[in-house]
Amino acid sequence: MIYRPYREKSAGLLLEQAQQGLACTGYQDLSLLSLSTGDYCRIEPLVGSMMARFGPDRTAISLPSMRADTLSPSLMEQIRSVRKTGFTIAPEAGTQRLRNIINKNITEKDISDTVLAAGNAGWRLIKLYFMVGLPFETLEDVSGIVELVKGLKKMSGRRQDISVSVGVFVPKAHTPFQWAAQVGVDEAWERIHLVRDSLKMPGVKVKWQNPRTSIMEGALARGGREMASVVETAWKNGCRLDGWSEHFNFEAWLDALTQNGVSIADITRARDIDEPLPWDMIDCRVDKGFLLEEWKRAAEGILTPACQQSCSACGVCDFEKIEVKTSPDLPKAAPAPITEPGPQNPGKFRVHYSKTGKARYLAHLETVTVFLRALRRIGAPLAYSQGFHPMPAIAFDQALPVLVESSDEHFTVTLTDDAAGKNLAGRLNSELPEGLDILFCEQVLPNQEKKPLLKAVYHIDCAPGALRPDAVAAFNSAGSFEVEKQSHKGKSRLLDLKLIVDKMEILSGTQIVLELCPSDGNSMKPDLVLQAAGAVPNASKDIIRIVKSPGLPVKVTDHDKGIDNK
């Protein structure tokens, strides 16, 4: 209600802002966000115009969760024309009775028709969003979520998976539900478990919001001035970054409430319509009498039309300066067909770069993203793969571990016009952050695509006294040196370090050089190699800096050939 009156940005302005945003960032995805994106009166011509303008650059358009009745087949087709982004619809309640209470004028047929249309358009994952704890909700309404999902799954069959997200409703100030009680933590869990346990079936996954987080959100949303001291006490008790589930400390918040004599049950209880509310002194222009009338209509399940359909006299508009605004008309444009790149002179280029200083904190995927966005910002004509999810034709060598610097890394990129490769290094350098520097670019001819095998050479600086010369000597003299390696999934296996370590030599009291050979599926980060060999017992503490030098050619022996041919 506090966002009233209903106002729309002009479609022309949105197109202009999208153009500027993509040019400045190099992003490949564009999202149209609002409280109810599907209600935007020019949504279809706007998406059509955006696809016509940005589709040839493989920019994907995505929309947030939408009401089922606002997703037309033509809108779906436009969204999927470049790349199928996420598909989320928000029924919010499992029964028509409850949807009427919360003024969501959609039917089960609207929902099923939308899911069916999405399946026909090629979406294989449908995300549905529901809430529990809505005013006047019964267990039959919660069971309605289960029945609705089962019906949709039966209709879609194996061709679609369904992801169900269950949130907990939090009554908010300045809304018709400001007088409603918030469902308690135990009761919320009961309803979530009902949905979860009843939907244990193939092709359906259920996720939920922690009711403890919701109850604290409700306390902050409808508490009075007493919550100020609660927030301060919670902060003193160590509460930080509470929006992240791994940092949320419910017990600390409960202690803060108790220390200040505040009852969470009193804050989240149902309010009498005649009692003063903590936020009554705030004027958001919506008449409290209108909210009360809407509260009564909700209890009777009577729908209220949207502002742009009919004025409900909420008190916000003065019809002079303040009134409902909708976007001017925008000529509907058909999406531009996605064709193969126009120029017939594609070229592949190998880009050499260094990664030093602050850039060492970038993980491999983050580094890839930085380069991709820089290429798009300079307007490089990237070639793309085929299929349902086209990807840029760019390939990086073996991932450089986080915190490792390098004086010479490289990737290859294919451009649809080889002339665009001229001055590629200088143009890219102007768009890269500190620590990433293009050294030079070279065109890769067809007979040069195969790269020679290179050893990775690392110069590693350690803290004084951290190196163990006796352990290095023992490793070098050993015929084999098996260690246990653990994968990111927690699985362990034995790895012979002698298969990948070609050289381990102490250069000084604080520096060691390590040469690692490429081996069939066997690899280990240089710091972990030193720790496993005992050369540096505590790598995370005692290794100060790792710099990778240009690789050395691998001498192919019969032993190497045996490894490579496994």
Side-chain angles (χ1 to χ4, degrees), residues 1-90 104 106 114 117-118 121 123 127 129 305-309 311 316-317 319 321-339 369 372-379 382 384 390 431:
M1 293 292 175
I2 62 173
Y3 295 101
R4 292 190 173 206
Y6 181 87
R7 290 152 292 173
E8 295 181 346
K9 273 188 178 181
S10 74
L13 177 60
L14 289 170
L15 275 171
E16 181 183 340
Q17 290 178 335
Q19 178 78 50
Q20 293 174 350
L22 292 171
C24 291
T25 62
Y27 284 7
Q28 278 188 276
D29 296 274
L30 180 67
S31 295
L32 298 175
L33 304 178
S34 76
L35 290 175
S36 184
T37 305
D39 289 334
Y40 185 72
C41 70
R42 310 298 178 198
I43 186 65
E44 290 199 30
L46 174 62
V47 172
S49 296
M50 285 185 168
M51 295 308 303
R53 185 173 299 185
F54 310 127
D57 294 329
R58 299 303 199 279
T59 299
I61 309 294
S62 63
L63 304 175
S65 60
M66 297 177 65
R67 293 204 321 268
D69 59 327
T70 62
L71 281 164
S72 65
S74 62
L75 185 57
M76 293 183 205
E77 185 59 33
Q78 291 183 53
I79 295 171
R80 70 178 291 272
S81 60
V82 169
R83 187 169 73 246
K84 290 195 295 291
T85 52
F87 192 97
T88 305
I89 59 177
K104 298 296 181 182
I106 57 173
T114 302
W123 270 275
K127 299 178 182 179
Y129 178 73
C307 290
Q308 60 271 39
Q309 297 171 343
C311 179
V316 170
C317 295
F319 302 101
K321 292 184 178 180
I322 303 175
E323 59 183 347
V324 171
K325 293 183 179 180
T326 57
S327 169
D329 197 10
L330 183 71
K332 189 172 183 178
I338 304 303
T339 58
T369 299
L372 277 174
R373 290 178 179 170
L375 285 164
R376 288 175 66 87
R377 284 197 299 274
I378 66 172
L382 298 173
Y384 282 79
E431 296 292 338

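Along the sequence shown, residues are numbered consecutively beginning with 1. Model, not experiment: these values are computed from the prediction.
Asp57 is not listed as a side-chain neighbour of Leu22, based on a closest heavy-atom distance of 4.5 Å or more. Pro5 has its side chain within reach of Ile322: a pair of non-hydrogen atoms, C-beta onward, lies under 4.5 Å apart. Counting heavy atoms from C-beta on, the side chains of Met50 and Leu32 come closer than 4.5 Å.
Between atom NZ of residue Lys325 and atom SG of residue Cys41 there is a gap of 14.0 Å, rounded to the nearest 0.5 Å. Arg373 contributes atom CZ, which lies 12.5 Å from atom CG of Leu375 (distance to the nearest 0.5 angstrom). Rounding to the nearest 0.5 Å gives a distance of 12.5 Å between SG of Cys307 and CD of Glu323. Within the model, atoms CG of Leu15 and CZ of Phe54 stand 6.0 Å from one another, a figure rounded to the nearest 0.5 Å.
With hydrogens and angles disregarded, a donor-acceptor distance shorter than 3.5 Å links the side chain of Arg42 to the backbone of Ser327. In this structure, Gln308 contributes its side chain and Tyr6 its backbone to no donor-acceptor pair below 3.5 Å.
Taking Arg376 as the reference, Thr59, Tyr384 meet the side chain to side chain donor-acceptor pair (under 3.5 Å) condition, with sequence neighbours excluded. For Arg4, there are no salt bridge (charged side-chain N to carboxylate O under 4.0 Å, His left out) partners at least two apart in sequence or on another chain.
Between Thr326 and Glu8, the shortest heavy-atom contact is CA-OE1, 3.4 Å. The two residues Ile61 and Met51 come nearest to each other via the heavy atoms CG1-SD, 3.0 Å.
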